[in-house]
*Asks:* 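Dropping a structure here in structure tokens format, bear with me for questions.
Computed from a predicted structure; not experimentally measured.
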Amino acid sequence: MLYCEEKKAQVREAMRKAGLRELNFRFDFEGSKVVFDVVSRDGRLAHIQRQNQLENGLAFASKRARQLSA
């Protein structure tokens, strides 16, 4: 981020010659927002998959134990 009080046109020209482009922006005073949280989503999906695998494994083990005891 660059702030320039004076000679803005010259700064813009120097930036353009250096291959940089100006990006207009404005400040948002509403606070931070999560737009898209990939890490948490992927973490939740991995947790659900582990839980399903665990439940399937326990169900299989329980069924197998009943078969062996019969």
*Asks:* Glu22 versus Arg12: any side-chain heavy-atom pair under 4.5 Å?
*Replies:*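 SC-SC contact between Glu22 and Arg12 confirmed.
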*Asks:* Quick check: closest heavy atoms across Cys4 and Lys8, and the distance to 0.1 Å?
*Replies:*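 So the minimum-distance heavy-atom pair works out to O-CE, 3.2 Å.
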*Asks:* Would you give the length of the straight line joining atom CG of Leu54 to atom NE2 of His47, rounded to the nearest 0.5 angstrom?
*Replies:*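 Between Leu54 CG and His47 NE2, I get 10.0 Å after rounding to 0.5 Å.
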*Asks:* May I ask you to test the Asn52-Glu55 pair for a side-chain heavy-atom distance under 4.5 Å?
*Replies:*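 SC-SC contact between Asn52 and Glu55 confirmed.
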*Asks:* Return the set of residues passing salt bridge (Lys or Arg N to Asp or Glu O under 4.0 Å) with Glu5 (not counting sequence neighbours), or none when no residue passes.
*Replies:*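 Listed in chain order: nothing, the list is empty.
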*Asks:* Looking at CD of Gln53 and CD of Gln51, how far apart are the two atoms once the value is rounded to the nearest 0.5 Å?
*Replies:*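 Spacing of CD (Gln53) from CD (Gln51) equals 10.0 Å.
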*Asks:* Through direct or indirect side-chain contacts below 4.5 angstrom among Ile, Leu, Val, Met, Phe, Trp and Tyr, which residues connect to Val11?
*Replies:*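 Val11 clusters with Leu2, Met15, Leu20.
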*Asks:* Please verify the inter-ring angle class for Phe25 with Phe27; under 30° counts as parallel, over 60° as perpendicular, anything in between as tilted.
*Replies:*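 It falls in the perpendicular class, over 60°.
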